[in-house]
Amino acid sequence: MKPVRVRFAPSPTGELHLGGVRTALFNWLFAKHHKGKFFLRIEDTDPVRSRKEYEEQICDSLKWFGLQWDGPIVFQSQRLVDYKAAIRKLLETGKAFRCFCSPDKLEKDRKQAPKGGRDYRYPGTCKNLSLEEQKRRLNQGEPFAVRLKIPRGVISFNDQIYGNIRVKNSEIDSFIISRSNGSPTYNLVVVVDDHFMGITHVIRGDDHLTNTPKQILIYKVLGFDIPKFAHLPMILGPDKRRLSKRHGATGIQAFRWQGYLPQALLNYLVFLGWNPDTEQEIFTLDELVRKFHLQQVQKKAAIYDEKKLNWISGQHMVQMPAEALLSRIRELNPEWRKEENEDYLLKIVEIQKKRLKTLSEIMTHSNFFFDDPTSYDLKTARKRWGSEGVNFLIQDFMARLEIMEEWSVGLLESELRKFCEERGISSSKLIHPVRLALSGVPHGPSLFLMMEMLGKVTCLRRLKTALEKLPITVES
RNA sequence: GGCGCGUUCGUCUAGGGGUUAGGACGUCGGCCUCUCAAGCCGGAAACACGGGUUCGAUUCCCGUACGCGCUACCA
């Protein structure tokens, strides 16, 4: 068995999206599983749409995910000589021919053809031009495209995922492999690149399934070894349509800035179309490398589901040590609470990671650990602190807190409960207003934990402020 | 239109000639509880349709419908 060599070959014409990441992931996992190589090839042969910034964004994303590629990046735009050589060879061996038909004319013919040109095929006008005529037109400087001659027969190949695929050659039009401006087209270029890169397994989206027979034709005609193919089903948006800009945060960087962990995203993505033979759902990358194989890949397109992503994200957060989470948060936002004590931050992260789904949520839902509330949730204020009576209760309770010498979760809880018992009220009558006073919002971690972390001075100060501002009496 | 591919709960999926069609997310209900989460327990929820083959088909075959892809001098 030859050592496995695979590639991920995005074109830098847009942001990397979920589908692209999954293709990269499956390639990477396959390579790692077989101790092979994973290459990155930038398909930048479309100078109009290709952009340097997308190229950089793609590389950044892959690195962020930890999907590191082997060797230097291959740029198609720098490999023109090989494509030209291949085209020349096909011309010389008579496997391809020059076509002098102008694009405009072909376009017009197509439009005039029945059924709006859907059935239109290249009529073979230039297929059998004599050598003399070709020379004459060449000498006149007529531009020409190069088309592949399609032999009779049937192309069949065994897709690692879809199984046996057979297509009659007669279904394939004599397609262009070199444009009249001299630039090679996609199907030619992929084949030449994959050959020279020594690619053994072509793993890509199933939108290429029907391109494969054309490419096999080129492999044959060029005398190249044909690699194995594996086509991955598409990922669709919630509307069951192809993933696109319309689906909001489709560009993968957006997920990053929303505070998802890369390994959580990969974990989610790997289950879109694949499953191990276990009921385990949460995996590390290493585990995936060990378990991954192509046999269990689905043929059906999968729909992206944010709910499940969130769940997986939460699971990964719980498993991750607070230190690691904090440094991820720092990558997201270096400014976040940077003046605060590190241990204090770690404690907060430790508490919050169990209850939240993303890094961003940790940042946005933790303000009360640092800042005194500037306002109180109105609904909760009405419900939990509806009358002056609460103020008296809080006042008394504050007096009790003042004299506490040790400020700990356990003591705070027993103190509060004792206090309520003495008064014959349920402890929630006090807990809720205190929570509101301390955080301004109705929910958060355990009240006693919060109190301990905030410390005596802060708690008393916030309670005092609340006494001044609550209850809210303004009608609305 | 032609060709290729696909179709199991809302979603991701397991399964495969005889199963109470399994799990997960979500959802609903309960427990726990200082709130929100988490956790635990329980419920509802699927084999696209029509024909074969067969004692039996969700599973195999053929159609139909629907969806996706390709059908470009895009990649």
Side-chain angles (χ1 to χ4, degrees), chain A residues 9-13 43-46 48-50 76 99 101-104 106-107 110 114-121 143-147 159 161-163 165-168 170-173 175-187 189-190 205-214 231 233-234 236 238 240-242 268 271-275 277-282 296 298-312 314 318 352 354-357 365 380 384 413 416-417 426-432 434-436 439 441-448 450:
Chain A
S11 59
T13 54
E43 308 215 322
D44 56 350
T45 46
D46 185 341
V48 183
R49 295 193 300 146
S50 293
Q76 284 190 329
C99 173
C101 303
S102 83
D104 291 348
L106 289 171
E107 181 66 23
R110 178 185 304 280
K115 294 171 192 162
R118 283 285 70 171
D119 288 335
Y120 182 80
R121 299 276 214 106
F144 63 91
V146 178
R147 291 179 183 270
D159 190 274
I161 290 160
Y162 282 92
I165 307 281
R166 285 169 58 89
V167 176
K168 291 198 227 37
S170 56
E171 296 297 335
I172 301 171
D173 199 6
F175 61 95
I176 287 175
I177 54 175
S178 172
R179 302 183 185 96
S180 45
N181 66 8
S183 66
T185 61
Y186 172 73
N187 282 309
V189 160
V190 193
D206 77 5
D207 45 341
H208 290 292
L209 194 60
T210 43
N211 280 326
T212 308
K214 294 181 195 168
H231 288 92
M234 303 261 104
L236 273 25
K240 300 189 193 227
R241 304 197 63 90
R242 213 171 166 161
Y268 173 68
F271 275 93
L272 249 33
W274 177 79
N275 78 90
D277 281 321
T278 64
E279 286 186 354
Q280 186 181 343
E281 304 250 26
I282 305 302
Q296 202 70 244
Q298 203 78 15
K299 298 186 185 78
K300 176 181 85 163
I303 293 166
Y304 161 69
D305 177 25
E306 189 184 33
K307 297 265 178 57
K308 186 135 191 184
L309 204 213
N310 283 335
W311 177 75
I312 288 181
V318 174
Q352 297 288 56
K354 300 186 191 104
R355 353 179 335 100
L356 302 170
K357 304 294 188 196
H365 289 64
T380 314
R384 306 294 193 185
E413 175 154 16
L416 183 142
R417 293 200 189 279
S426 76
S427 44
S428 64
K429 284 270 185 291
L430 183 55
I431 285 173
H432 291 295
V434 172
R435 172 186 296 285
L436 182 69
S439 73
V441 291
H443 26 252
S446 156
L447 177 69
F448 307 108
M450 257 171 71

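First the proteins, then the strands, lettered A, B, ... as listed; each starts at 1.
Proximity of a side-chain donor or acceptor of Thr185(A) to a complementary backbone N or O of Ile176(A) within less than 3.5 Å is detected. Here the side chain of Gln296(A) pairs no donor or acceptor atom with the backbone of Asp277(A) at under 3.5 angstrom. Counting only distance, with no hydrogens or angles, the side chain of Arg435(A) and the backbone of Ser446(A) share no donor-acceptor pair below 3.5 Å. A donor-acceptor pair is defined here as one N or O able to donate and one able to accept, closer than 3.5 Å; such a pair exists between the side chain of Tyr268(A) and the backbone of Asp305(A).
Pair assignment for rC66(B): rG6(B), on the basis of Watson-Crick or G-U wobble contacts that are both within less than 3.5 Å. When Watson-Crick and G-U wobble pairs are counted only if both distances are under 3.5 Å, rU11(B) pairs with rA24(B). Across all strands shown, rU35(B) remains unpaired; no Watson-Crick or G-U wobble contact has both distances below 3.5 Å. With a cut-off of 3.5 Å on both pairing distances, rA44(B) has no Watson-Crick or G-U wobble partner at all. Across all strands shown, rA57(B) forms no Watson-Crick or G-U wobble pair with both distances under 3.5 Å. Summarising the base pairing, rU19(B) is matched to no nucleotide, lacking a Watson-Crick or G-U wobble pair whose two defining distances lie under 3.5 Å.
Side-chain atoms of Thr185(A) and base atoms of rC73(B) include no donor and acceptor less than 3.5 Å apart. Between the side chain of Thr210(A) and the base of rC3(B), no donor-acceptor pair under 3.5 Å is found. For Lys354(A) against rA37(B), a side-chain-to-base donor-acceptor contact under 3.5 Å is absent.
At a threshold of 4.0 angstrom between heavy atoms, the contacts of Asp207(A) are confined to the sugar-phosphate backbone, with no base atom among them. Within 4.0 Å of Lys168(A), counting heavy atoms only, lies no atom of the nucleic acid at all. Counting non-hydrogen atoms under 4.0 angstrom, Thr45(A) reaches the backbone sugars and phosphates but no base. Backbone-only engagement by Ile165(A) is indicated by non-hydrogen atom pairs under 4.0 Å involving sugar-phosphate atoms exclusively. Residue-level contact check: Ser102(A) touches the bases, meaning some heavy atom is under 4.0 Å from a base atom. Within 4.0 Å (heavy atoms only), Phe448(A) reaches at least one base atom of the nucleic acid. Heavy atoms of Pro213(A) sit nowhere under 4.0 angstrom from any nucleic acid atom. Looking at heavy-atom distances under 4.0 Å, Gln296(A) makes contact with sugar-phosphate atoms alone, never a base. At the heavy-atom level, Tyr186(A) lies under 4.0 Å from base atoms of the strands shown. At the heavy-atom level, Glu413(A) lies nowhere under 4.0 Å from the strands shown. Looking at heavy-atom distances under 4.0 Å, Gly205(A) makes no contact with the nucleic acid at all. Counting any heavy atom pair closer than 4.0 Å across all strands shown, Leu447(A) reaches a base atom. If you check every strand for non-hydrogen atoms under 4.0 Å, His208(A) touches a base. Residue-level contact check: Leu272(A) touches the backbone only, with heavy atoms under 4.0 Å from sugar-phosphate atoms and none from bases.
Each of Leu356(A) and Ser178(A) lies near RNA chain B, and the nucleotide nearest Leu356(A) is the one positioned closer to the 5' end. Between Ser11(A) and Pro233(A), the residue anchored nearer the 5' end of RNA chain B, judged by the nucleotide with its closest heavy atom, is Pro233(A).
Proximity of Asn275(A) to the phosphate of rA14(B): a side-chain N or O atom is located under 4.0 Å from OP1 or OP2. Residue Lys300(A) places at least one side-chain N or O under 4.0 Å from the OP1 or OP2 atom of rU8(B). Contact annotation: Arg241(A) side-chain N/O to rG67(B) OP1/OP2 distance is not under 4.0 Å.
A pairwise comparison of heavy atoms in Pro12(A) and Glu43(A) identifies CD-O, 3.3 Å as the closest pair.
Atom CG in Asn187(A) sits about 8 Å away from atom P in rU71(B), given to the nearest Å.
Distance check on atom C1': rG39(B) versus rA21(B) gives 29 Å, rounded to whole Å. rG10(B) and rA45(B) are spaced 11 Å apart, taking the P atom of each and rounding to whole Å. Here the separation of rC66(B) from rC60(B), taken at their P atoms, is 23 Å to the nearest Å. When the P atom is compared between rC47(B) and rC3(B), the two are found 31 Å apart, to the nearest whole Å. As rounded to the nearest Å, rC5(B) and rA46(B) have P atoms that lie 31 Å from one another. Remark: the separation of the C1' atoms in rC28(B) and rU13(B) is 22 Å, to the nearest Å. rC68(B) and rU58(B) have their P atoms separated by 27 Å, with the value rounded to a whole Å. As rounded to the nearest Å, rC31(B) and rC36(B) have P atoms that lie 13 Å from one another.
The shortest distance between side-chain heavy atoms of Pro233(A) and Lys300(A) does not fall below 4.5 Å. A heavy-atom distance below 4.5 Å is not found between the side chains of Gln76(A) and Tyr186(A).
Screening Asp207(A), Asn211(A), Asp159(A), Thr210(A) for a side chain to side chain donor-acceptor pair (under 3.5 Å) involving His231(A) leaves a single residue, Asp159(A).
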